[in-house]
Student: 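Pasting in a structure now, in structure tokens, and then I'll have a few things to ask.
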Amino acid sequence: MRKQLPIFIVFLSGILMVLQYFIPHQASEDLFTYANDFVIVIGILSLPIGIFSLLNATVMKARREPNERFYALVTLAGFAVMVISGLKREWFNDGHGLNRMLFQNALNPAQSSLFAMLAFYIASAAYRAFRVRTILAGVLLVTAFIVMLRIVPLPGVLSEVNGEAVRWILGVPNLAAKRAIIIGVALGGIAYSIKILLGIERSYLGRD
Amino acid sequence: MRSEPESPVPVRSMDNPAAAPGTATWLTVRPLRVLQRTALVLALATAGGRLALAEDAATATGEARVDTTQIGAAPVAPPPIRFATPGSVTAVDEPNDNGHALRVTWSLSADDALITTYDVYRVPSTGADPSSYVKVGSVPRGTTTFTYLADAESQEGAANPAFLATGAPATVVVRAATIDDGISEWSSPATGTPRGNWFHTGKVNILIATLLFGLAVVWFIQQSKSGRPLYIRPLPGINAVDEAIGRATEMGRPILFVLGTGTAGDIATIAGYTILARVAKKTAEYQTPLLVPVNDPVMMAMAQETVKEAYLQAGRPDVYRPESVYYISAMQFPYVAAVNGLMLRERTATNFYMGVFHAESLLLAEAGSMTGSIQISGTDQVSQIPFFVAATDYTLIGEELYAASAYLSQEPVLMGPLKAQDWAKIVILVFILLGVIAWTFGSDVFYQWVKTV
């Protein structure tokens, strides 16, 4: 019963959602909205569980590993400050409120810095990808060189030839590969969904 | 005490916001007065609707409003009727909708080349004064159709006069208009009743394709159940799982499993649980520490259940630590920062990335690469696959991630759908080839047929 009931709920709600896709009636739209509201409610209700998990894992780690105590302290302090700063509505909504200030002057710059690191990581990943070890890696290197050359100002005819080559690379082999993956993902997604609806795929219930 | 000389000009303050310091005061105050006077002159010189513009200009300067009654303004005259009326107006129920739309059609005005738009109005009740008509839409000249859709019963707390109730007749009229207020007469009214539809006829092709594919899946499952051997090509990423776990065990370091930044309902995330179950079972057997930081509480609950069940199946529920699967943050970059820090501090020997990934894919994979971990990734996000291919040792590309459960278990019921997928791909390939051949020989019949279907 512990496994059958969730599978039955999955089957019922899954079939309802499939039917909903083909029914444009208002009743069908209302059902869809209602189901989406459920997802939101479940998400909100699960948040305290997540917060408890974070605090629990942090405290446990601090207890077990002395080297982790500083990081744990930063996590707990950050959590406490953000919670306290959001207690009053004006602290949260006002442009100069503590919560908003922390968001704009601490969190956003930190996030932007992390995102900016992507540029350096792309360079190091590209270096590894372009090391010519095999014929395919060589093809990749030549192709990348041609494509990157597109943003370099070249004299007249060279620019036209390069432009045509880049258009062909992006529009034919590159697009074909992307579409092949997308078609595969779409068919795989449908097949996987059918397996879940029929109760064949149960790994998400904790079964191997 | 030194005192400042009294300023000859007013200083900008909360009490006197119009004033500005220094010479800027003249620049800001004088033109305002000029504007006010100009507006007044314009107001006196013009009549009708244009008077209102002058009044607005004067109001904008912060001075007293121009009282139109005191300057003998003429009453606002209705705009002149200069154009031929659009004819044959009809209003019918919009097909395949939720019951809050009408399709309004008309024939072009004889002056179509001279007008700018066709405006569609809702008539509130029979015999209502035209001033009470509600404009519901506008389309450019040369257009003969408008879909009048209004499914919001209220707007900003007030009743929406344009709302179309299901089953209630609604009357509309159309007229031609230009940007300089030229209009035509109202067309004859047309009444239609919006009705909700219980089947979307435009999706018949999708329904048929889905049913055919579903039947193929069931048929192949039956085939595989009957003992017919089915072959799945080797997936190096999955084959490397055991090797990667063994390496971590030998090194005495933990294994990191990242389920991505998607949601618990994403197929890629669900597929990730399958591989997590496999990994957790092995780590339970080898007693290798497993770390699963997640970015969604629902995903956390599911991952905890998956890992717990795997430890139970391995016969080592005592080794399972609930805090090994824990929540970090729902925000993308804080989550990445925490996971990267985890990699650097714990020196994880093996990293798995299975699920939905966005910009964080390369940030995670590169950090893992720097720590010398063996890395296996899998995602269905086409834009992130190149990053994983470049930065990780093995990558499950798109559908390979979905196929992992069948590949790992070798169960016939799970392998059947893979065969159905292969046959569907063959059908699509045949269509592509036919299209290419037809197009090469200059025929667009096949293309048009596919487009229609």
Side-chain angles (χ1 to χ4, degrees), chain A residues 18 21-29 39 42-43 46-54 56-57 60-61 67-68 71 75 107 110-112 114-115 117-118 121-122 124-126 128-129 178 181-185 187-196 198 200-201 203-208, chain B residues 96-100 166 196-200 203 207 210 213-214 217 267 270-271 273-274 277-278 281 297-298 300-302 305-306 308-310 313 323 326-328 333 336-337 341 359 362-363 366 380 382 385 387 390-391 397-399 402-403 405 409 413-414 417-418 420-421 424-425 428:
Chain A
V18 170
Y21 177 74
F22 294 100
I23 301 171
H25 198 274
Q26 186 63 47
S28 165
E29 285 193 358
V39 174
I42 291 169
S46 67
L47 196 59
I49 302 169
I51 292 168
F52 174 76
S53 162
L54 171 70
N56 184 45
M60 294 288 277
K61 192 174 273 187
N67 292 341
E68 292 283 332
Y71 300 107
T75 306
L107 188 65
Q111 291 197 101
S112 303
L114 199 63
F115 187 54
M117 283 169 67
L118 202 56
Y121 282 179
I122 284 175
S124 64
R128 275 203 306 281
K178 276 170 95 171
I181 294 171
I182 291 168
I183 289 170
V185 166
L187 290 172
I190 298 169
Y192 210 89
S193 305
I194 291 171
K195 284 196 283 186
I196 292 170
L198 297 177
I200 298 168
E201 178 65 65
S203 58
Y204 62 97
L205 293 172
R207 180 182 170 274
D208 188 10
Chain B
N96 302 323
D97 74 333
N98 59 1
H100 298 291
T166 306
N197 300 101
W198 287 100
F199 182 70
H200 198 299
K203 292 179 179 174
L207 181 65
T210 310
F213 187 64
V217 168
I267 295 176
I270 296 172
Y273 292 130
T274 308
R278 167 79 169 197
K281 203 170 173 183
V298 180
M300 183 197 74
M302 290 171 76
E305 192 64 21
T306 304
K308 193 177 169 183
E309 187 75 20
Q313 281 186 12
E323 68 269 17
Y326 61 101
Y327 172 76
I328 291 178
F333 291 112
V336 172
L362 192 60
L363 290 170
E366 272 300 295
D380 58 1
V382 180
I385 289 171
F387 294 128
I397 297 172
E399 61 183 318
Y402 303 156
S405 61
S409 66
V413 285
L414 292 173
L418 295 185
Q421 275 175 248
K425 279 184 219 163
I428 292 169

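A, B, ... follow the sequence lines: proteins, then strands. Residue 1 opens every chain.
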Student: Determine yes or no for a side-chain-to-main-chain donor-acceptor pair under 3.5 angstrom, with A/Ser28 supplying the side chain and A/Pro24 the backbone.
Tutor: no
Student: Relative to chain A, which segment of B/Val217 carries a heavy atom at a distance below 4.5 Å: side chain, backbone, both, or neither?
Tutor: side chain
Student: Considering only heavy atoms and a distance below 4.5 Å, find which of A/Pro48, A/Ala129, A/Gly189, A/Ala126 pairs most often with chain B.
Tutor: A/Gly189
Student: Look up atom CG in B/Asn98 and atom OG1 in B/Thr166, then write down how far apart they are to the nearest 0.5 Å.
Tutor: 6.5 Å
Student: Heavy-atom cut-off 4.5 Å, strictly under: side chain, backbone, both or neither for A/Glu29 against chain B?
Tutor: side chain
Student: Could you tell me the separation between the CD atom of B/Glu399 and the CG atom of A/Leu187, rounded to the nearest 0.5 Å?
Tutor: 7.5 Å
Student: Is there a side-chain contact between B/Tyr327 and A/Ile49 in this structure, where contact means two heavy atoms from C-beta onward sitting under 4.5 Å apart?
Tutor: no
Student: Walk me through it: do A/Leu198 and B/Val413 pass the test side chain to side chain contact (heavy atoms under 4.5 Å, CB included)?
Tutor: CA-CA 11 Å; A/Leu198 297 177; B/Val413 285; over 6 Å; no
Student: A/Ala27 versus chain B, heavy atoms under 4.5 Å apart: side chain, backbone, both or neither?
Tutor: side chain
Student: Using non-hydrogen atoms only, which part of B/Ala391 is less than 4.5 Å away from chain A: side chain, backbone, both, or neither?
Tutor: both
Student: What part of B/Ile385 is in contact with chain A, defined as an atom under 4.5 angstrom from a non-hydrogen atom: side chain, backbone, both or neither?
Tutor: side chain
Student: Could you walk me through whether B/Tyr402 and A/Val185 pass the side chain to side chain contact (heavy atoms under 4.5 Å, CB included) check?
Tutor: CA-CA 8 Å; B/Tyr402 303 156; A/Val185 166; 3.6 Å; yes
Student: Against chain B, label A/Tyr121 side chain, backbone, both or neither, depending on which of its atoms sit under 4.5 Å from a heavy atom there.
Tutor: both
Student: Examine whether an atom of B/Asp97 lies under 4.5 Å from a heavy atom of chain A, and if so say whether it belongs to the side chain, the backbone or both; otherwise answer neither.
Tutor: backbone
Student: If you count heavy-atom pairs within less than 4.5 Å of chain B, which of A/Ile181, A/Ile194, A/Ile42, A/Leu118 leads?
Tutor: A/Leu118
Student: Take atom NZ of B/Lys203 as the centre, draw a 6.0 Å sphere, and report whether it contains more than 12 heavy atoms from other residues, nucleotides or ligands.
Tutor: yes
Student: Given heavy-atom pairs under 4.5 angstrom as the criterion, report whether the side chain, backbone, both or neither of A/Ile190 touches chain B.
Tutor: both
Student: Using non-hydrogen atoms only, which part of B/Ile397 is less than 4.5 Å away from chain A: side chain, backbone, both, or neither?
Tutor: side chain
Student: What part of A/Phe52 lies closer than 4.5 angstrom to a heavy atom of chain B: side chain, backbone, both or neither?
Tutor: neither
Student: Heavy-atom distance under 4.5 Å to chain B: side chain of A/Ser124, backbone, both or neither?
Tutor: both
Student: On a heavy-atom basis, which atom in B/Ala420 and which in B/Phe213 lie closest, and how many Å separate them?
Tutor: O-CE1, 3.6 Å
Student: From B/Asp380 CG over to A/Ile182 CD1, what is the distance, rounded to the nearest 0.5 angstrom?
Tutor: 11.0 Å
Student: With only heavy atoms counted, which part of A/Leu47 is less than 4.5 Å from chain B, the side chain, the backbone, both or neither?
Tutor: both
Student: Top residue by heavy-atom pair count (under 4.5 Å) with chain B, among A/Lys61, A/Lys178, A/Glu68?
Tutor: A/Glu68
Student: Examine the side chains of A/Glu201 and B/Ser405 and answer whether a donor and an acceptor come within less than 3.5 Å of each other.
Tutor: yes
Student: Only pairs of heavy atoms separated by less than 4.5 Å count here; which of A/Ala57, A/Ala110, A/Gly43, A/Gly184 has the most with chain B?
Tutor: A/Gly184
Student: Side chain, backbone, both or neither: which part of A/Ile122 has a non-hydrogen atom closer than 4.5 Å to chain B?
Tutor: both
Student: In terms of heavy-atom pairs under 4.5 Å with chain A, which of B/Asn96, B/Asn197, B/Leu418 leads?
Tutor: B/Asn197
Student: Answer with side chain, backbone, both or neither: which region of B/Leu362 has an atom nearer than 4.5 Å to a non-hydrogen atom of chain A?
Tutor: both
Student: Considering only heavy atoms, which portion of B/Ala271 lies under 4.5 Å from any heavy atom of chain A: side chain, backbone, both, or neither?
Tutor: both
Student: Given B/Leu414 and A/Lys195, is the side chain to side chain contact (heavy atoms under 4.5 Å, CB included) satisfied, shown in steps?
Tutor: CA-CA 8 Å; B/Leu414 292 173; A/Lys195 284 196 283 186; 3.8 Å; yes
Student: Which answer fits A/Met117, side chain, backbone, both or neither, if we ask what part of it has an atom under 4.5 Å from a heavy atom of chain B?
Tutor: both
Student: Would you name the heavy atoms of A/Ala191 and B/Pro417 that are closest together and state the gap between them?
Tutor: CB-CB, 4.1 Å
Student: Heavy-atom count around A/Phe22 CZ within 6.0 Å, excluding the residue itself: above 12?
Tutor: yes
